[in-house]
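One structure coming up, written as structure tokens, with questions to follow.
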Amino acid sequence: MPNTFAEQISTKLNETLLSLPFASDLPEGFVAQVDQAQNRQFGDYQSNAAMILAKQLKKNPREIASTIADAFDGGALTDKPEIAGPGFINFRLKPEALSTRLDLLIEDEKLAVSAAGEKKTIVADFSAPNVAKPMHVGHIRSTIIGDSLCRIARFLGHDVIADNHIGDWGTQFGMILWGWKNVLNEEALEEDPIGELVRVYKLVNGRQKEEEGLRDECKQELVKLQAGDEENLAIWKKCIELSKQGLQKIYGLLDIEFDYWLGESFYNDALAPLVEELMKEGIAEESDGAICVFFPENEKMADKPALIRKSDGGFLYATSDLATIDYRINELKADAIWYVVGAPQQLHFDQIFAIAGKRGQNANFEFIPFGSILDKNGKMLKTRDGDPVQLADVLNESIERAYKVVDEKNPDFPEEEKKQIAEVIGIGAVKYAELSQFRMTDYKFDWDTMLALKGNTAPYLINAYVRTRAIFRKMGDDFQPGGNLVLTEDAEKDLALKLAQFAETVPAVLNDFRPNTLAAYLYELATTYHRFWEACPVLRAEGDVRYTRLALCELTGRVLRCGLGLLGIRTTEKM
Ligand code: ARG
């Protein structure tokens with residue numbers, strides 16, 4: 001795939017720099033940056049290179065800018081650059097450059113998005129709920145962000161392994177085992193396994209706080225499980241299986257798949273030898289009967305050792321995460337490991353990454369944290385009883401509310417179709433509310449905003465897609481490539497440029513793991529399309545103009561569908 005506009009202009013600009021009288025004075029390795037213009041009044045792309053060079057060469061920035069602009073040969077790509085403000089160089093694309101690009105987009109199912117330069121094997125660790133504990137709002141964020149990052153990385157050609165590192169081996173099982181044997185409601189378990197397990201967990205957890213005897217009994221159950229007691233192991237297995245089934249339903253609704261479900265328990269046998277090894281290597285040491293790793297070399301963690309074996313011999317969250325890293329690097333051949341986990345676990349990951357560093361494991365580790373979800377009033381999102389809100393409830397309510405919207409808009413659609421559309425919109429709305437925010441932002445969860453047909457919402461974007469499709473239904477035919485593109489109206493050129501910039505937007509998401517930049521792009525694309533739609537009649541136009549406008553509609557539809565798809569959001573043909 002040819003380079004993006006930004007890359008093409010940047011190449012030309014850097015060639016120009018090397019041809020100038022002051023080329024020999026350029027700082028070593030200097031590369032001029034070209035960015036999309038913030039304000040299209042002055043051009044489509046801009047560079048601040050002259051300003052940076054002026055400082056280094058101690059010259060007037062506007063003078064340097066005009067020397068560069070005079071020497072710059074835009075060829076078929078851009079007009080002669082213009083200088084603005086303190087020394088910005090502005091580039092405007094030639095309409096032919098835009099139409100050549102559109103021709104290319106029409107041919108390319110990847111919509112001109114180039115594959116990543118270096119193909120990597122990436123293990124993505126996201127969602128990772130804890131068995132028999134409610135999957136709550138924090139897991140919603142991880143699940144939705146993680147899935148979107150996987151889709152984008154795959155689209156860019158990486159090998160991505162989505163691994164659901166569920167919490168399936170924790171102290172909660174002492175309580176669950178006791179509860180299973182004493183207070184389980186078999187019927188409820190049949191009907192709603194996750195709900196019943198959570199009920200049992202909460203009940204026993206509450207009671208054991210007051211009853212010391214019960215606490216000991218739960219502990220005994222846990223010890224038996226860890227020692228391999230057959231009955232307890234069988235119950236544990238059953239719990240995991242039931243929980244997985246329940247989770248699968250939610251992931252099915254969300255259209256999310258994992259390649260592996262290697263939960264914490266998968267690493268049980270690796271923990272003891274791992275701790276031994278770390279001690280032998282001198283990385284871990286004994287401290288008050290426990291085994292710890294200290295980080296004297298690291299100012300931030302100098303007084304925060306990582307505990308990897310308790311004095312009673314038990315292992316910890318950190319221990320299993322270290323074993324997990326071994327497996328991912330040695331068996332899954334990971335070049336990169338991404339952890340999409342809430343911000344409160346920052347220290348935990350700083351510690352295990354530092355230990356991996358001490359062991360010489362130099363995969364590229366990325367901790368991708370996120371903030372909280374707040375209710376309309378800015379408080380932590382909770383149910384009326386003060387429990388964390390559960391993902392399944394949120395999704396079902398969203399679908400119900402979306403159904404009302406669809407029903408109001410199209411009372412005559414067949415029932416089945418209304419339901420399907422409501423599912424696409426309901427799930428899409430929850431995902432988009434998440435992905436349109438920077439992940440560290442504590443965002444407000446508000447049904448009315450996220451399901452609105454206007455504004456930066458999933459329904460608005462899906463509706464924009466539906467409108468691009470409606471034209472072809474009205475015309476009675478699909479788009480047929482092979483005509484002559486002519487871009488004359490501003491609204492056409494604006495839209496063409498936006499479409500071309502999809503290829504600049506998608507790869508950039510992975511620079512700092514911000515799917516919200518893709519969401520923002522799609523919203524701008526939809527509003528640009530809307531303006532084009534108001535300004536330029538399509539079916540009433542003729543000849544090349546009609547072909548051009550049909551192509552713009554077709555491509556807008558494709559980019560919207562592809563882009564929403566990268567966010568994990570489906571589209572519908574009607575709504
Ligand atoms: N189960 C953990 C939790 O709910 C998240 C696990 C994240 N992944 C990991 N490798 N530690 O908090």
Side-chain angles (χ1 to χ4, degrees), residues 122-147 149-150 160-173 175-176 194 197-198 201-202 205 236 239-240 243-244 246-247 250-251 256 258-268 270-271 274 293 306-308 315-332 334 336-356 361 363-373 380-381 387-392 439 513:
I122 300 164
V123 172
D125 181 322
F126 64 101
S127 196
N130 301 315
V131 170
K133 283 195 192 169
M135 181 174 183
H136 57 76
V137 131
H139 295 114
I140 300 186
R141 298 201 75 166
S142 171
T143 306
I144 296 174
I145 298 170
D147 174 60
L149 294 175
C150 287
V160 181
I161 301 172
D163 182 14
N164 198 0
H165 189 74
I166 54 174
D168 58 0
W169 192 259
T171 42
Q172 79 257 41
F173 282 100
M175 291 172 255
I176 297 281
I194 295 198
L197 287 178
V198 169
Y201 165 77
K202 277 169 52 180
N205 187 31
W236 170 77
C239 284
I240 306 285
S243 294
K244 275 193 185 168
L247 288 171
I250 298 178
Y251 294 132
I256 289 178
F258 291 93
D259 300 293
Y260 293 102
W261 289 61
L262 303 178
E264 289 175 25
S265 70
F266 179 76
Y267 300 97
N268 279 350
L271 305 183
L274 174 64
V293 179
L307 189 57
I308 58 170
F315 301 106
L316 298 104
Y317 186 46
T319 331
S320 73
D321 256 324
L322 291 172
T324 307
I325 289 180
D326 281 352
Y327 187 81
R328 288 173 176 170
I329 291 182
N330 300 334
E331 305 300 321
L332 301 180
I337 310 180
W338 296 351
Y339 297 86
V340 187
V341 185
Q345 295 196 26
Q346 175 86 55
L347 175 64
H348 166 75
F349 285 101
D350 284 347
Q351 289 176 330
I352 66 159
F353 297 167
I355 297 174
Q361 293 172 310
N364 161 237
F365 298 105
E366 296 280 0
F367 176 54
I368 304 170
F370 50 80
S372 321
I373 307 185
M380 288 289 231
L381 192 65
D387 288 333
V389 172
Q390 290 213 44
L391 181 49
R439 57 187 158 72
F513 306 101

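First listed ligand is number 1; within each ligand, the first listed atom is number 1.
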First locate atom CZ of Phe258, then atom CG of Asp163, and finally report the distance between them rounded to the nearest 0.5 Å. 8.5 Å
Under 3.5 Å, is there a donor-acceptor pair linking the side chains of Gln361 and Asp326? yes
Please confirm whether His139 comes within less than 3.5 Å of ligand 1 when only nitrogen or oxygen atoms on both sides are compared. yes
Contact atoms of ligand 1, heavy-atom distance to Tyr317 under 4.0 Å: 2 (C), 5 (C), 6 (C), 7 (C), 9 (C), 11 (N)
Does only the side chain of Phe349 get under 4.0 Å from ligand 1, or the backbone, or both, or neither? Count heavy atoms. side chain
Taking every non-hydrogen atom, the tightest pair across His165 and Leu262: ND1-O, 3.1 Å
Would you check whether Arg328 has a nitrogen or oxygen atom less than 3.5 angstrom from a nitrogen or oxygen atom of ligand 1? no
Under 3.5 Å donor-acceptor, Glu264 side chain and Tyr317 backbone: no
Can you give me the closest heavy-atom contact between Leu307 and Ala318, atom names plus distance? O-CB, 4.0 Å
Start with the C-alpha gap between Tyr339 and Phe353, add the side-chain angles, then the distance that decides, and say whether side-chain contact (heavy atoms from CB on, under 4.5 Å) holds. CA-CA 11 Å; Tyr339 297 86; Phe353 297 167; 3.5 Å; yes
Could you work out, for atom 9 (C) of ligand 1, the closest of Asn130, Asp125, Thr324 by heavy-atom distance? Asp125
Based purely on interatomic distance, does Asp321 place a nitrogen or oxygen under 3.5 Å from a nitrogen or oxygen of ligand 1? yes
Using a strict cut-off of 4.0 Å, indicate which atoms of ligand 1 neighbour a heavy atom of Val341. 7 (C)
Under 4.0 Å from one or more heavy atoms of Tyr339, ligand 1 contributes atoms 10 (N)
Look only at the side chain of Arg439 and the backbone of Val340, and say whether a donor-acceptor pair between them is shorter than 3.5 Å. no
Atom 12 (O) of ligand 1: the protein heavy-atom neighbour that sits closest, reported with distance to 0.1 Å: Gln345 NE2, 2.9 Å
